[in-house]
Every structure is written in structure tokens, then in C-alpha cells.
Trainee: 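Got a structure here, written out as C-alpha cells. Questions coming.
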Amino acid sequence: MHCGTRNATPRVQSRIRQGGTMSTPVITIADLTSFVDQEVTIQGWVYNWRKKGKLRFIILRDGFGYLQCIVFRPEVEDSVWETAVELTQESSVRITGRLVADDRAPGGYELKVSALDPVHISPEFPIGKKNHGPDFLLNHRHLWLRSKRQHAMMRVRSEVSQSIRDFFYTRGYTNIDSPILTPAACEGTSTLFETDYFGEPAFLSQSGQLYLEPACAALGKVYCFGPTFRAEKSKTRRHLTEFWMVEPEVAWLRFDGLLDLAEEFLSEIISRVLDRCSEDLKRLERDVSKLEPSTRRPYPRLDYGDAILKLNELGSDIEHGDDFGGDDETVLTQQYDQPLMVTRYPAAIKAFYMQPDPADPTRALAVDILAPEGYGEIIGGSERSDSLEHLERQIAAHELPREAFEWYLDIRRYGSFPHSGYGMGIERCVTWICGVPHLREAIPYPRMINRLYP
RNA sequence: UCCGCAGUAGCUCAAUGGUAGAGCGGGUGGCUGUUAACCACUAGGUUGGGGGUUCAAGUCCCUCCUGCGGAGCCA
């Protein structure tokens, strides 16, 4: 099937690829429509094949799409027929033939094969056409990526990732890559992966934020985007031990401005994916009407206290001061068709670096953004405390090692300033956009508790 | 770490405590338009490991391992 989900590669580039003969251009399936009724060569893998007497149907995939190739025994040389018979699922092959329009072909085009170059005949491919279980598929993740559904997931992820970078780039942000090896715990050692750093303990980063705040004092508007590691022994559909997080940090930005920024950010990502990945979302059988409200602003904003009252009305026994459980998030977000911004959490259940609400110091200027349809928290952010004294008290109260934070406290010693930022886990965002139940499909090689392979 | 569910052919799953089966995949053959093609035949098993109950265990009990779902924690 021809799937126009990728932009056509430049024709000139296609023509100069190696592997074609003098007369036949080597093209990708993305470029099909420019070559109808011409002889072309396509390089790819056998996605599936069927036989019907003297006919063989080879469904070729090349990473850009799918194309039905026809081998008709009376019309090809014996050697071509014999090669066609040998081709197995996922064998790699260069196929040359005449590209024709045919209503019987999936996608409307097919290749009348004249020559076959079997690059490599694959033995029995582990992943068949019927269903497989998650354990088997994850153990074969390197091969699972070849399936249509995974192509769609990876393209959506790539689009989300690119739209994030474009969002910040076009608004004047500087990309700051925060370190992955860090000297000490940011928010407690229990969730950190420890590694040996020339005899000293080092930890894999669980957030770039503490490194981003100094950079934002240097450059005003910055963001980091990279892998993040949490050694939490979580076994749920919403947790990875290695995931990618994007974190903007903005100087002079107050809490209300932060809410606006996060809202603009999310709505732009959703709009762009809906615009550019419609074929992929269709393949994933995503009901895009569920996503369209999220392209519109504003998003509903709910004060933490009001959220508690609302939850109580809805039957939850949650009390003021509690953090939301998974059920609470689900019940709450079912009330809305857009992401829900819950604001001003009790300071006691939030991180040490958050700015207290001037109107009520027991509350923090923090926001969690909960995705609709039960997908839950995808963004957490806050205005950061700009008071050296407050942070020193907080570090002591959280029993964090003071020495490790001296450099961080320097930001409040040398020209302290209001600033705010948030973090978004992109796998959770992609999982929501794709409407899939588990975020293990939203990253090429998921790392989970008990899973480090492949 | 805790709670619940599961583990049988390469894969997905059946099988009252009483001879271990099917579909897909593989192999062989048939078919000139298939759409996860279809039809016929065929190969393929130490029922996750160990221990126990029983005349008899895939099935019941104990234990360990692995996976799945959830809690806590978080993006």
C-alpha cells in the first residue's frame, strides 16, 4: 500500500542512489506518483507475500510505504520466478519493474516485476501476522519496530519531538543540554541509578532543572530535552526507568505566565501532530475528535482546593493535603475534554525548590497538567523560589545534603530573579496522542523494571 | 516492597483429576488478482523449575522463577 505519510524525497536524490541500472531510477515508495508507467527499482523488505497459481504478490516495504509487486510466471524469466518463490517474510530485495495504476492494488499502484535482486533471504521471521503477547514483542523490539503500528508510533514521536524543538526555537529559547552524570541526588537518592565514577558515586540525572536554572540566568529563555532516569520500582502502564523529558526554564516568568506558556506549548504540539500525522493516527485507529479540543485555548484551570472539593462531590474520600491517586486523576480528567491544569498544591507534597504562594505560604506555585481520557499527568511545573533563606530551610526540611546544593544556591546569591519552568515526559504525551494503553510503545527501546533488553 | 492474575507447539490460545488440541507460522502440493488470500496433506510437546497429594496431575497443594495489571512514587 502506498502511504503518503512522509514527504517525498527529492527526485534528484533518488536518482543518484546506488543499486539501480543505468536506465531505471531507484526510488522510494514515497515518490511513487512521479513514476507511474515508468520502469523503477525499489529497495526494501518483503512485508508479506501471497501466491495464487502462477501469480505471486510481494508486498514490499521500504520504510516510506508499502507497495504490491506482481510476479506473473508466463511474463518473467524463469530465474525471476525462482527468486520470487524463494523470498520469505522480511527478506531484503531490490525489485525492478513497471509501476502501474491498478484499482485492485492496495493504495492504487503496483509494480509489474521484471527483475529481482535478492539481497538477503531471511529465515523464518519471529513476528508473524497474527497477535503476539507484550512480553514476546518486547523481547523482539528490534524486529517489532518493522510493523506498521510501530512505524506510526515512531513517526508521531518524531513529530512531537520536532515540534517541541521548533516551538522553543521560534520563540528565542536557547537549547541547553544538561548533564546525565550528576554528583548528588536532586530530590532524594531512592529513585536514582548509581554508577561508579572513577571511585566516586555518580547518579544518572532524574531532571535537568537544577542545571537549567543557572543557564536561564545566563540566557534568559532556555530548555533542555534529553533522557531522564528514575530507579522507581514502578510497574504500571505509565512508567519507564528511562524516558525523555523536555524542560523549559524562563527568567522573569511568573506563575500565571507559566500556565499560559504550557498551554500554548501543548496546544501547538497537538495541532501540529493532527496536521502532519493524520495517516499515522488513522493507522493507530485514534479518534482524533478526542484530540481536537486540546488544540484550543484556554485549558480549564482548577485550584487544588477546588479539585479536592470536586473529587469529594464525585465520591472520592481524598482529603485536603493528600496528593492525587491514579483513580482521582482519572475521575477528575473525565470531567473535561481538554488537559486540566491543577494549580497551587500544598507545599508539603511538592519539591523543595518551589515558590510559596504569597497569598497562602502553605501552598506552592505549582501546576500539574493532566491529559484527558484518563492519561493523567504529563506536565509538572512551578515558579521557582528566589529566596536563599527559603531554599536553605527547605533543603534542611527535606533532609537533603546541603553541600551538594551550594552551587545551585549561588543562583539566589548572585542576582536572584523570578523564574519558572516545567517538565513534560514525551512518552506520556505520545501515548496520549496515539491513544494507546501503555507507554512502552511510545519509545523505540523501552527501559522498565526487569527489562533492559534489547 | 505489597496485592491480584498468568505461564501448555516458534506465536496466540483450548483441554470435568483419566489417551495434550486448534488457528497462525514452517514444509509439500493445488489455484491468473490476492488484500493477515484460500484448499489439501504434513512435521512440530520433558505443559516455566523443584517438591508433594493421588491408582492417576497441564489440572490440586507448597515453593522458587518469569511476565502482566495495580498500589506507593512520579513525567
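As a basis for the values below, the full set of heavy atoms in this structure was taken, side chains included, without hydrogen atoms, waters or symmetry mates. Chain naming here is simple, since letters A, B, ... match the order of the sequence lines and numbering starts at 1 in each.
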Trainee: Separation of A/Asp322 atom CG from B/G72 atom C1', in whole Å?
Mentor: 13 Å

Trainee: Give the rounded distance in Å between these two atoms: CG of A/Asp103 and C1' of B/G33.
Mentor: 12 Å

Trainee: Are any of the side-chain nitrogens in A/Asp117 or A/Arg94 under 4.0 Å away from the carboxylate oxygens of its partner?
Mentor: yes

Trainee: Among the nucleotides B/A75, B/U32, B/G33, which one has an atom lying closest to any side-chain atom of A/Leu240?
Mentor: B/A75

Trainee: Under a 3.5 Å cut-off for both contacts, is B/A9 paired Watson-Crick or G-U wobble with anything, and if yes, with which nucleotide?
Mentor: none

Trainee: Roughly how many Å is it from CE in A/Met245 to C1' in B/C74, rounded to a whole number?
Mentor: 10 Å

Trainee: Taking a pair as Watson-Crick or G-U wobble with both distances under 3.5 Å, which nucleotide is matched to B/U1?
Mentor: B/A71

Trainee: Report the relative orientation of the aromatic rings in A/Phe136 and A/His140; use parallel for angles under 30°, tilted for 30 to 60°, perpendicular for over 60°.
Mentor: tilted

Trainee: Rounding to an integer number of angstrom, what distance separates B/U12 and B/U54 when you compare their P atoms?
Mentor: 36 Å

Trainee: What integer number of Å spans the C1' atoms of B/C60 and B/A71?
Mentor: 31 Å

Trainee: Quick test: give all pairs of protein nitrogen or oxygen and nucleotides 67-71 of chain B nitrogen or oxygen below 3.5 Å, distance rounded to 0.1 Å.
Mentor:
from, atom 1, to, atom 2, distance (Å)
B/G67, OP1, A/Asn450, O, 3.0
B/G67, OP2, A/Asn450, ND2, 3.4
B/C68, N4, A/Lys235, NZ, 3.1
B/G69, OP1, A/His438, NE2, 3.4
B/G69, OP1, A/Arg440, NH1, 3.2
B/G69, O3', A/Arg237, NH2, 3.1
B/G70, OP1, A/Arg237, NE, 2.2
B/G70, OP1, A/Arg237, NH2, 2.9
B/G70, OP2, A/Arg237, N, 2.9
B/G70, N7, A/Lys235, O, 3.0

Trainee: Using the P atom as the reference point in each nucleotide, state the distance between B/U16 and B/G58 in Å, no decimals.
Mentor: 13 Å

Trainee: Decide yes or no for A/Leu261 and A/Phe167: does some side-chain heavy atom of the first lie under 4.5 Å from some side-chain heavy atom of the second?
Mentor: yes

Trainee: Taking only the side-chain heavy atoms of A/Glu377 (C-beta and beyond), determine which of B/G33, B/U32, B/A75 contains the nearest atom.
Mentor: B/A75

Trainee: Looking only at N and O atoms, is any donor in the side chain of A/Glu110 or the base of B/G33 less than 3.5 Å from an acceptor on the other one?
Mentor: yes

Trainee: In plain terms, say whether A/Lys112 and A/Glu75 are close enough for a salt bridge, that is, a side-chain N and a carboxylate O under 4.0 Å apart.
Mentor: no

Trainee: Specify the separation, in whole Å, of atom NZ of A/Lys52 and atom C1' of B/U34.
Mentor: 7 Å

Trainee: Scan every strand shown for a Watson-Crick or G-U wobble partner of B/C41, both distances under 3.5 Å, and answer none if you come up empty.
Mentor: B/G27

Trainee: Tell me: NZ of A/Lys130 to C1' of B/A22, nearest whole Å?
Mentor: 11 Å

Trainee: Under 3.5 Å for both donor-acceptor distances, Watson-Crick or wobble: does B/A15 have a partner, and if so which one?
Mentor: none

Trainee: Work out how far the C1' atom of B/A75 is from that of B/C62, and round it to whole angstrom.
Mentor: 42 Å

Trainee: A side-chain contact here means heavy atoms from C-beta on lying under 4.5 Å apart; do A/Glu263 and A/Gln338 qualify?
Mentor: no

Trainee: Could you check whether A/Phe57 and the base of B/G33 form a stacked pair, meaning centres closer than 5.5 Å and planes differing by less than 30°?
Mentor: no

Trainee: Taking the same atom, P, in B/A9 and in B/U47, what whole-Å distance lies between them?
Mentor: 10 Å

Trainee: Charged N to carboxylate O below 4.0 Å: is that the case for A/Arg254 and A/Asp256?
Mentor: no

Trainee: With both distances kept under 3.5 Å, what pairs with B/U32, Watson-Crick or G-U wobble?
Mentor: none

Trainee: So A/Ile378, base contact, sugar-phosphate only, or nothing? Heavy-atom distance under 4.0 Å.
Mentor: sugar-phosphate

Trainee: Say you pick atom C1' in B/U19 and the same atom in B/A57; how far apart are they, in whole Å?
Mentor: 14 Å

Trainee: Output every pair passing side-chain hydrogen bond (donor to acceptor under 3.5 Å, both in side chains) with a member in residues 313-330 of chain A, not counting sequence neighbours, ordered by first then second residue.
Mentor: A/Ser316-A/Asp328

Trainee: Can you tell me the distance, in whole Å, between the CZ atom of A/Phe136 and the P atom of B/C13?
Mentor: 12 Å

Trainee: How long is the line joining CZ of A/Phe193 and C1' of B/C74, in whole Å?
Mentor: 13 Å

Trainee: With a 3.5 Å cut-off and no angle check, do the side chains of A/Tyr353 and A/Glu213 form a donor-acceptor pair?
Mentor: no

Trainee: Whether A/Glu249 and A/Arg384 form a salt bridge (side-chain N of Lys/Arg under 4.0 Å from carboxylate O of Asp/Glu) is what I want to check.
Mentor: yes

Trainee: Using the P atom as the point on both nucleotides, what is the distance between B/U53 and B/U28, in whole Å?
Mentor: 50 Å

Trainee: Measure NE2/A/His132 against C1'/B/G10 and give the value in whole Å, please.
Mentor: 10 Å

Trainee: Quantified in whole Å, what is the P atom distance between nucleotide B/C24 and nucleotide B/A40?
Mentor: 10 Å

Trainee: Would you indicate what A/Gly128 reaches in the nucleic acid, counting non-hydrogen atoms under 4.0 angstrom: base, sugar-phosphate, or nothing?
Mentor: nothing

Trainee: With nearest nucleotide decided by heavy atoms, which residue, A/Ala105 or A/Gly53, maps closer to the 5′ end of RNA chain B?
Mentor: A/Gly53

